[in-house]
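What follows is a set of notes on a single structure, which appears directly below.
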Amino acid sequence: MTHTGMMPDPGRNGAQAAPGSRSARRRQSRGRQRRPRRTLTITVAIIAVVAIAAGVVVYKRSTKSPGPLPVHLPAATGSYLGVNMKGVPASYAGVTSFTSAIGASPDLVMYYSGWYVPFPVKFADTAASNGAVPLVQMDPDNIKPSEIGEIASGKYDGYLSAYAEAVRAYHHPVIMSFGHEMNGTWSPWSYGHMSPTDFVNDWRHIVNLFRALGADNVTWLWTVNIINNAESSTGQIPNPEPWWPGSAYVNWVGIDGYYLKPNWQFAPLFGPTIGAIRLFTHDPIIIAETGATTTAGQPGKISDLFEGIQSYGLLGFVYYDNTNSIGQAFGLDGPAAVAAFRKGASTYHRPT
């Protein structure tokens with residue numbers, strides 16, 4: 001079937017749900033890691049040769065950390081490079097390897113956090129010392145689906161208060177998202193399982209609680225799946241507007257979407273969702289979860305991704321350098337893919 005840009009993301013039951021989505025991620029939120037991917041093993045010598053061949057010899061972004069970013073993150077177009085790696089937040093080793101490979105320090109390190117999981121202070125400190133911001137996808141996956149709507153009633157305020165106080169004490173910036181991809185069909189808090197009204201009430205309650213406890217170092221990221229009107233086993237993934245909490249409760253908007261086939265391009269993949277979101281908010285947008293399979297043609301897709309961010313005036317993106325639960329691998333695979341990423345990263349400036 002010809003790609004029209006309206007397909008959902010990869011990972012659920014062989015369909016096109018996001019690799020970081022519910023069924024693909026639940027193991028990590030409970031401390032279980034994803035299926036191991038092929039480790040990116042590229043020597044310094046090979047990287048140097050590839051960089052020279054690609055004409056990338058001077059980088060505007062350094063692998064040396066300039067220190068933590070400001071608490072109130074600037075909304076600068078084409079500034080944010082993020083990554084999700086196997087082992088985060090238990091270990092920062094994968095991020096260090098990714099940094100060496102791409103020749104630039106990521107600004108954001110994203111991970112998935114289950115309900116009742118505390119804020120990982122040690123990981124956050126390591127991220128800050130490397131100039132990165134923790135991006136927490138907090139999902140209510142360890143409570144009964146019937147009780148998710150009770151978050152707004154204060155039933156889980158003990159857990160949320162402890163989390164907010166730990167974030168406040170951290171002092172550096174943290175990006176928080178709750179119940180991501182709620183317009184998908186695969187999670188207890190998503191389309192067909194929980195009403196948009198209950199989701200909005202939960203979201204507002206969490207934001208209000210964090211603010212009341214003085215956790216003002218949080219950037220609130222509302223993360224949606226790309227919309228899909230085509231036939232698929234996951235069904236239609238609708239416009240996310242019914243789940244919109246309002247600009248008073250959101251700082252940035254995140255969109256999840258992946259390159260799975262050679263003919264897929266940024267504009268048809270992300271454009272319809274960006275257009276739909278722009279009808280109800282002008283908050284800054286970041287691609288919160290993305291990647292390309294090797295069969296899609298990684299080098300070309302990575303270049304297309306960097307170009308798309310600039311052409312649409314988005315903040316940047318988080319690359320899913322990982323393998324999902326059904327074996328789809330998105331890790332940078334080979335010198336050409338690494339060279340494309342290094343070249344794109346050289347055009348980014350650290351947000352200041």
Side-chain angles (χ1 to χ4, degrees), residues 3 5 7 9-11 16 18-20 34-63 78 80-86 93-110 256-270 287 289-312 314 316-324 326-349:
H3 175 57
M7 295 294 292
D9 306 336
Q16 305 301 314
R34 295 176 184 268
R35 183 182 308 174
R37 66 177 174 86
R38 287 180 295 174
T39 304
L40 182 62
T41 54
I42 301 175
T43 66
V44 174
I46 291 176
I47 291 174
V49 171
V50 169
I52 293 171
V56 184
V57 293
V58 178
Y59 298 98
K60 296 179 182 178
R61 297 175 64 92
S62 173
T63 55
Y80 292 92
L81 288 178
V83 67
N84 168 258
M85 301 293 302
K86 181 179 181 292
V95 182
T96 301
S97 297
F98 185 81
T99 298
S100 177
I102 69 168
S105 294
D107 305 299
L108 314 175
V109 180
M110 184 265 283
D256 293 353
Y258 289 78
Y259 294 90
L260 298 183
K261 296 183 179 181
N263 62 328
W264 290 14
Q265 298 293 324
F266 190 96
L269 185 63
F270 295 104
I287 303 303
E289 201 181 298
T290 191
T293 61
T294 56
T295 55
Q298 261 191 4
K301 299 313 172 196
I302 290 169
S303 297
D304 182 63
L305 177 60
F306 277 102
E307 292 169 3
I309 294 296
Q310 294 291 342
S311 64
Y312 277 86
L314 308 187
F317 65 90
V318 176
Y319 193 83
Y320 183 78
D321 192 65
N322 216 325
T323 298
N324 65 14
I326 63 172
Q328 290 174 314
F330 299 90
L332 299 182
D333 187 21
V338 173
F341 211 107
R342 289 171 72 92
K343 183 176 181 180
S346 73
T347 67
Y348 272 45
H349 297 271

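Along the sequence shown, the residues carry numbers beginning at 1. These numbers come from the heavy atoms of this one structure, side chains and all, not from hydrogens, waters or symmetry mates.
With sequence neighbours excluded, the residues that form a side-chain contact (heavy atoms from CB on, under 4.5 Å) with Val95 are Val83, Met85, Val88, Tyr92, Thr99, Pro106, Val109. Residues forming a ring-ring contact (aromatic ring centres under 6.0 Å, His included) with Phe317 (at least two apart in sequence, or on another chain): Phe306, Phe341. Listed by chain and number, the residues in a side-chain hydrogen bond (donor to acceptor under 3.5 Å, both in side chains) with Thr293 are Thr295 (sequence neighbours excluded).
Closest non-hydrogen pair, Gln265 versus Lys301, comes out as NE2-NZ, 3.1 Å. Across all non-hydrogen atoms, the minimal contact from Ala345 to Leu81 is CB-CD1, 3.7 Å. Contact record, Thr290 with Tyr258: C-CE2, 3.5 Å, taken as the closest heavy-atom pair. Across Ala337 and Gln298, no two heavy atoms sit closer than the pair CB-OE1, 3.3 Å.
Interatomic distance, OG1 of Thr294 versus CD of Gln328, reported as 10.5 Å (0.5 Å rounding). To the nearest 0.5 Å, atom CD1 of residue Ile287 and atom CD1 of residue Ile309 are 5.0 Å apart.
Side chains of Phe330 and Leu260 form a contact here, defined as non-hydrogen atoms less than 4.5 Å apart. Contact check for Leu332 versus Tyr319: side-chain heavy atoms found under the 4.5 Å cut-off. Using a 4.5 Å heavy-atom cutoff, the side chains of Phe266 and Leu305 are in contact.
Put simply, the side chain of Ser100 never gets that close to the backbone of Ser97: no donor and acceptor are under 3.5 Å apart.
Donor-acceptor pairing under 3.5 Å is lacking for the side chains of Tyr348 and Asp107.
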